[in-house]
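Working notes, beginning with the structure itself.
Values reported hereafter were calculated over all heavy atoms of this structure, with side chains retained and with hydrogens, waters and symmetry mates removed.
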Amino acid sequence: MKSPAFDYACPTTLVEAVSLLASCKGEARALAGGQSLVPMLAFRIAAPTLLVDLNKLIELRYIKIDNDGVRLGAMVRWRQIENDVRLVRTHPLLVAAVKHVAHYQIRNRGTVGGSLAHADPAAELSGIAVTCEAEITAISAAGQRVIRATDFFLGPLTTALTPEEIIVELRLPPWPTQRRWGFEEFARRRGDFAMAAAALYYDTRPDGKASNAHVGVMGVGDRPQRLAEVEAILNGSVIEPETIAAAERAAAAAVNPSEDIHASAAYRRALAGTMVERALKRAAA
Amino acid sequence: MSVPLHFEVNGKPVAIEVEPRLTLADCLRHRLRLTGTHVGCEHGVCGACTVLVDGDAVRACLMLAVQAEGAKVVTIEGLSHDAHLTPLQASFRKHHALQCGFCTPGMITTAHALLSEEPHCDAARVREVLSGNLCRCTGYVSIVEAVLAARVAYQKKDGPGA
Amino acid sequence: MKPNNALIGSPIERLEDLRFTRGRGEYVDDLTRVGLLHATILRSSVAHGRIRSIDADAARILPHVHSVFTAADIGNPVPIIPMRLHPLPELQPFEQPVMAYDKVRYVGEPIAIVLAESAAIAEDALAAIAVDIEPLPAVTGCGGSDERLFDAHGTNLALTYTAAKGDAAAAFADAPYTRREKFAVQRHTALPMEPRGVMAEWDTARGRLTVWGAAKVPFFNRRILARQIGLPEASIELVENDVGGGFGARGEFYPEDFLIPFAARRVGRPVKWIEDRREHLMAINHARESECDIEIACSRDGTILALRGHAATNMGAYLRTNGAVGARNIVQFMSGPYRVPNIDLTVSMWMTNKTPVGTYRGPGRFETDFFRERLFDMVARDLGIDRVEFRRRNLVAPTEMPYALATITPYEHKDELDSGDYQTTLDRCLQEIGWKEKIALNGKETDGRYHGLAVGCFVEGGAAGPKETARLVLEPNGSFSVYVGSSAVGQGLETAFAQIAGDALEVPLERISGVFHGSTAHVSDGYGSYHSRAVVMGGSAILDAAANLRTRIRVEAAARFDCAPEQVELVAGGTAVGPQGKSIAFSELAGDGLSAEGTFFNKKHTWGYGAHAAHVSVDPKTGQVDLIDYMAVEDCGRVINPLMLHGQVIGAVVQGLGGAFLEHLVYDEQGQLLTGSLADYLVPTASDFPRIRAQVMGTHPSPINPLGAKGAGEGGIIPVGGVMANAVAAALSSFGVEPHALPLTPPTIWQLMEPARR
């Protein structure tokens with residue numbers, strides 16, 4: 001399983017990086033952590049003519065936390081998120097999700113931007129991005145644009161990025177400390193891709209009822225999705241057993257998973273409901 | 001295409017030219033003849049190829065050799081001595097934490113990285129970290145025991161030493 | 001000769017570990033030769049078809065590509081790989097050619113071999129080979145298709161074995177109670193961590209062919225290769241290096257074991273092929289895919305009267321060197337350690353367009369144990385008898401031994417259980433898992449999870465004959481070298497054999513300077529490692545060699561002392577003492593080296609036996625099973641190294657758990673392998689089954705070898721499928737869950753619960 005041959009460039013500036021991508025007319029690929037791209041090369045399901053290595057772009061390695069929320073540079077590795085003590089308080093949902101990503105060695109190399117650009121339907125970060133209404137900033141030789149997470153993931157391994165664009169930042173909106181949240185994932189083995197996962201949060205009104213509910217699921221469709229039907233049940237309600245049960249039923253009904261060799265659609269549907277149920281129980285506890 | 005590569009392996013400088021597609025694993029094994037790092041899957045699942053790059057445990061099959069430019073790489077050979085076994089190696093031997101030996105360099109390298117950072121980790125953490133290293137022979141129980149027993153050597157003020 | 005026990009029985013740390021922990025093992029891909037060419041194999045991407053043409057011209061002219069060979073280059077006829085075990089004439093039509101020449105019969109079948117200056121370039125060249133295959137309908141199931149894999153043969157049914165004993169028809173006719181069920185086990189595979197590899201070099205000047213990467217049965221493989229390649233055996237050396245696991249799959253003769261030496265000889269340069277993991281999943285022997293429709297007859301008190309029924313095994317596209325073993329074992333060992341007076345079982349071997357099937361640890365035994373133990377739990381519940389009590393009543397007692405198993409035809413094979421007290425291992429197992437205390441949880445829900453317990457008993461036949469050879473050499477420095485025909489696959493042979501040799505020679509372990517295994521250069525005739533035979537066969541051969549060497553030492557000493565050899569005493573530690581107090585150290589008798597060979601012949605099996613129990617809890621909403629506790633108890637006769645044996649049992653149990661819950665080679669209707677990487681073919685990891693316990697008892701030595709040892713590498717896997725399925729059934733009995741098939745994945749368990757939820 002040796003990769004097909006390709007040329008290689010390792011730019012030290014963003015300008016150089018995007019100009020290299022532009023010059024190859026769609027035949028170049030950006031290399032970030034390599035934890036998803038290199039296996040594709042090994043299986044020869046990707047065959048770029050040029051790899052543009054982003055690992056020298058140290059300007060993309062920041063984690064900034066301010067009034068704009070949490071801003072992760074695209075080359076931030078999972079490890080950095082794990083080790084950043086500020087995030088436990090400023091975005092606990094992100095931290096909880098990242099705990100489920102892959103394995104120890106992969107977390108030392110894999111990156112935020114790489115994961116988003118790869119867009120595996122079960123990826124935790126994609127799910128967090130959609131659930132939290134994050135924004136993704138992308139840059140190309142033609143300029144910069146901000147893409148909403150809801151518009152970013154188009155299908156399995158497919159995003160709104162053009163071949164000449166690279167991600168520079170993921171911005172998660174500010175997170176109030178009293179926010180209630182839950183993350184629940186079910187995988188065959190620890191570190192495997194989720195068979196289904198739920199990420200959710202809500203805020204509590206003075207009258208004790210929930211508001212601003214955001215409920216997202218991953219692994220049950222070809223991309224992460226928010227479940228408006230479930231959010232509607234939560235908003236304006238007290239989160240108690242009957243609400244949770246109703247939310248579970250609505251979640252199972254709202255998703256449309258497909259069959260594969262690992263699970264039937266019926267199972268994934270039920271599992272999605274269970275993940276939402278358990279995440280809600282955590283949030284309400 | 002041939003790219004110059006300068007990096008450090010087990011404390012020694014290396015200057016070679018490589019094809020971009022050459023993985024770090026293949027570079028170490030076949031160009032530098034450091035065959036202690038093993039290749040079990042070439043798609044980043046089995047962990048047999050684990051090496052340390054600037055102190056971090058990484059899958060050498062998922063890194064291109066050229067990406068190690070300027071880095072300090074340590075392999076199982078760099079974690080070993082001729083004259084004696086390290087505390088972790090001795091613990092693996094004592095607890096019978098290996099049979100065919102193929103996964104062993106990756107296991108030891110990963111365990112060393114873990115214990116270097118977290119010398120007080122518990123069994124659950126050891127299992128979690130080693131869940132990215134497959135073994136088909138031992139069933140893992142003895143490996144976890146061996147790593148836990150080696151913690152004390154890493155808890156010493158000046159590290160596990162020899 | 002009874003060896004002393006200074007080393008045997010001790011938990012000695014392994015000699016192999018000194019190199020393995022340092023990364024100084026030498027596996028075949030660690031080797032290189034001057035002028036080495038790298039080979040890749042073009043494999044069929046079509047499961048069934050006729051080859052119309054293969055055009056490799058574009059590949060041949062690529063830079064740094066040296067050659068491309070197809071069947072046309074190999075010759076007519078293309079060599080066939082013969083069966084090593086049970087080579088019945090009926091099975092020959094289904095043997096595999098070393099390369100496809102008119103038809104392809106499975107995805108992964110070799111079509112061409114490319115030689116290039118690097119493995120990457122050789123792989124690049126594969127895409128430049130144009131293969132035109134007329135596709136044919138793929139056969140994926142046992143029977144039920146008009147499509148024939150082998151045109152000359154009118155059916156895809158290779159053979160049906162029968163296991164018979166007593167009069168099952170009469171027993172069923174009168175039986176007060178019967179139950180009939182269907183069960184199935186999925187296709188999975190050994191998956192050693194090291195993929196396969198072969199390196200070969202042809203020395204034109206000396207007419208010698210050297211092949212590295214051998215394992216398991218190098219002597220037999222040399223015999224096959226010699227015949228296929230047209231060289232005398234003496235001109236071929238197969239070298240066994242360090243081996244990254246075998247489990248039955250690695251080491252059998254595969255197409256590459258011919259193709260690589262052929263290529264090396266043809267081009268006059270050394271050639272190396274290293275299998276990649278994607279290739280491995282479609283090319284190494286698959287195993288275990290089988291189904292059965294069986295019926296049991298009992299009296300009302302639970303006494304088993306008879307077993308009958310039919311099984312079918314999905315063999316894949318060709319019969320491999322040991323392909324028939326699993327099928328045969330399903331019917332011969334369905335009774336296990338239990339008393340079944342009347343048996344009428346058949347098993348049919350069906351050819352299909354899937355990867356060929358071979359043996360994998362406990363072949364046929366894992367499957368048949370699952371079939372039988374599932375049936376037992378169902379029967380016990382029907383009759384209102386406690387599951388443990390049901391087993392106790394039916395376990396063969398020591399007073400009944402030797403106890404005959406069913407006779408297999410064709411290849412009239414009789415076997416019998418020769419020793420053992422099955423109640424003791426069952427008692428110990430139940431005690432260790434805390435059955436009495438924990439059974440109260442059985443079937444009940446605690447904290448949202450359902451708990452279940454199960455127990456199962458098994459026998460492990462080992463030490464297959466017919467023979468093994470060893471050679472001991474007293475070196476000039478007084479140390480000893482051990483050469484043996486057994487093969488190491490990671491099981492610690494060097495250490496075990498050093499212990500046996502040390503005790504037999506009455507010297508400390510440090511005096512054994514090296515143990516050399518497997519390679520054909522080491523002994524005159526060897527048989528290798530399979531069917532858990534190495535310690536018994538190789539170890540017993542070492543005892544014989546040690547006795548012969550001691551005789552030689554006495555003769556040498558007698559010559560120096562000028563006395564008769566009978567007057568020489570060999571003192572522990574390495575001194576020969578004669579009359580009048582004369583003494584001489586062994587090293588001074590060695591000369592340039594004093595050696596002796598030994599052999600051990602064996603026609604009978606050893607019988608390890610035991611019981612396993614499990615405690616699980618199941619999440620009813622996800623179907624996830626948590627293995628709270630697993631206890632394995634086995635009696636392995638005389639234990640050479642308890643540390644190593646314990647490791648074998650735990651390792652085997654975890655492989656069994658992989659088979660019970662995780663591992664599945666999935667094909668689609670077109671014969672395409674859908675599980676093509678380790679992201680889809682799931683094996684246990686360190687976090688999946690944290691609590692596995694094992695106890696080895698050594699109370700019943702085997703009567704058939706001087707060591708009293710028993711083969712012990714496979715027992716740990718045999719009962720796991722049955723025990724786990726029964727534990728899950730017990731946990732979810734309130735949902736009426738009755739597993740009939742493996743693997744028990746979360747979606748499968750969830751699905752089994754659905755009818756009750758509605």
Heavy atoms only, distances under 4.5 angstrom: which of C/H646, C/R19, C/Q491, C/R24 has the most pairs with chain B? Name it, please.
C/R24
Can you see which heavy atom on C/I650 is nearest to which on B/V141, and at what distance?
CG2-CG2, 3.9 Å
One option among B/E128, B/H38, B/E77 has the most heavy-atom pairs under 4.5 Å with chain C, and it is B/H38
Tell me, for B/I108 versus chain C, whether the close heavy atoms (under 4.5 Å) come from the side chain, the backbone, both or neither.
side chain
Closest approach of B/P105 and C/G23, non-hydrogen atoms and distance?
CG-CA, 4.0 Å
B/R33 bridged to C/D30 by N-O distance under 4.0 Å:
no
If you count heavy-atom pairs within less than 4.5 Å of chain B, which of C/G246, C/G25, C/P690 leads?
C/P690
Heavy atoms only: give me the nearest B/G139-C/V654 pair and the separation to one decimal.
CA-CG2, 3.5 Å
When you measure from the side chain of B/R127 to the backbone N and O of C/F689, does any donor-acceptor pair fall under 3.5 Å?
no
Main-chain N/O of C/R14 paired to B/R93 side chain as donor or acceptor, under 3.5 Å
yes
Please rank C/L191, C/V489, C/L657 by heavy-atom pairs under 4.5 Å with chain B and give me the top one.
C/L191
Rounded at 0.5 Å granularity, tell me how far CD in B/E19 sits from OG in C/S118.
6.5 Å
Could you tell me which of C/A119, C/A120, C/P11, C/G658 has the largest number of non-hydrogen atom pairs under 4.5 Å with chain B?
C/A120
Is any side-chain N of the basic residue among C/D29 and B/R29 closer than 4.0 Å to the acidic one's carboxylate O?
yes
Is there a salt bridge (charged side-chain N to carboxylate O under 4.0 Å, His left out) between C/E663 and B/R136? Walk through the geometry before answering.
CA-CA 13 Å; C/E663 301 178 42; B/R136 213 42 182 156; 2.7 Å; yes
So, taking the atom named CD1 in C/I692 and the one named OG in B/S142, what distance separates them when rounded to the nearest 0.5 Å?
11.5 Å
Tell me which of these, B/H96, B/H30, B/H95, B/K94, has more heavy-atom pairs under 4.5 Å with chain C than the rest.
B/H96
Side chain / backbone / both / neither for B/V129 at chain C, heavy atoms under 4.5 Å
neither
Check whether B/E42 gets within reach of chain C through its side chain, its backbone, both or neither, counting any heavy atom under 4.5 Å.
side chain
Can you tell me how far apart SG (B/C100) and CZ (C/F247) are? Round to the nearest 0.5 Å.
6.5 Å
Closest heavy-atom pair and its distance - B/T104, C/F20:
CG2-O, 4.0 Å
Okay, C/V653 and chain B: the region with an atom under 4.5 Å from a heavy atom over there is neither
Let's test your reading of the structure: which of B/L98, B/I143, B/V45, B/T75 forms the most heavy-atom pairs below 4.5 Å with chain C?
B/L98
For the CD1 atom of B/I76 and the CZ atom of C/R22, what is their distance to the nearest 0.5 Å?
10.0 Å
Donor-acceptor contact present, side-chain C/E194 to main-chain B/F102, <3.5 Å:
no
Evaluate B/Q99 against C/E16 for side chain to side chain donor-acceptor pair (under 3.5 Å), listing each step before the verdict.
CA-CA 9 Å; B/Q99 291 180 24; C/E16 296 88 333; over 6 Å; no
With only heavy atoms counted, which part of C/A190 is less than 4.5 Å from chain B, the side chain, the backbone, both or neither?
backbone
For C/S687 and B/S131, work out which heavy atoms get closest and say how close.
OG-CB, 3.4 Å
Quick test of your reading of the model: are C/E123 and B/R21 salt-bridged, counting only N-O distances below 4.0 Å?
no
Is C/Q648 close to chain B through its backbone or its side chain, or both, or neither, when contacts mean heavy atoms under 4.5 Å?
both
Please flag which part of B/D82 lies under 4.5 Å from any non-hydrogen atom of chain C: side chain, backbone, both or neither.
both
Looking only at heavy atoms, what is the nearest atom pair of C/P195 and B/V39, with distance?
CD-O, 4.0 Å
Give a yes or no answer on whether the side chain of B/H43 reaches the backbone of C/S677 with a donor-acceptor pair at less than 3.5 Å.
no
Would you mind checking which part of C/L31 comes under 4.5 Å of any heavy atom in chain B, side chain (CB onward), backbone (N, CA, C, O), both or neither?
backbone
Rounded distance [0.5 Å steps], SG in B/C46 versus CE in C/M193
4.0 Å
Atom group of B/S80 that falls short of 4.5 Å from chain C, counting heavy atoms
side chain
Atom pair OG1/CE of C/T21 and B/M107 - distance to nearest 0.5 Å:
14.0 Å
Who among C/V649, C/D124, C/D242 has the most heavy-atom pairs with chain B under 4.5 Å?
C/D124
